Asker: 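Okay, here's the structure, questions in a sec.
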Amino acid sequence: METVNISKDEYENLKKLAESARALNDFFMPKVNYGASFLDSDALGALSDFSVEIRKATERENSI
């Protein structure tokens, strides 16, 4: 793994930039529910079940 060293000022500037990007995303990017636009209720249920199982598997993996 490569390591990059930056100054504390550069680090703080990067943190501020990330916070600004999040704020811009929250204010200006449209939030579209893509699932509702082209998936029926059975498909949405399956997608939800899949997401739950992935989360459980990830939590189990992280607890080991």
Side-chain angles (χ1 to χ4, degrees):
M1 174 182 281
E2 184 177 341
T3 302
V4 177
N5 294 318
I6 62 173
S7 70
K8 183 175 180 173
D9 289 337
E10 289 172 326
Y11 173 75
E12 293 300 324
N13 287 337
L14 287 172
K15 280 180 36 179
K16 289 176 187 175
L17 179 62
E19 290 170 9
S20 296
R22 276 189 224 100
L24 284 172
N25 178 57
D26 291 342
F27 289 123
F28 296 110
M29 297 302 288
K31 304 301 183 231
V32 177
N33 184 348
Y34 292 106
S37 64
F38 66 89
L39 296 175
D40 64 10
S41 61
D42 291 335
L44 285 174
L47 184 60
S48 176
D49 292 344
F50 179 74
S51 296
V52 168
E53 293 304 319
I54 292 293
R55 188 177 323 110
K56 287 179 185 176
T58 302
E59 289 171 357
R60 280 193 302 269
E61 185 178 289
N62 291 337
S63 67
I64 296 176

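Computed from a prediction, not measured in an experiment: that's the story for all the values here.
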Asker: With clusters built from Ile, Leu, Val, Met, Phe, Trp and Tyr whose side-chain heavy atoms come within less than 4.5 Å, directly or transitively, what are the remaining members of the cluster of Leu17, listed by chain and number?
Answerer: none
Asker: Partners of Ala46 by side chain to side chain contact (heavy atoms under 4.5 Å, CB included), sequence neighbours excluded?
Answerer: none
Asker: Please table the atom pairs, donor to acceptor, closer than 3.5 Å between any side-chain atom in residues 48-56 and protein atoms at least two apart or in another chain.
Answerer:
from	atom 1	to	atom 2	distance (Å)
Ser51	OG	Leu47	O	3.1

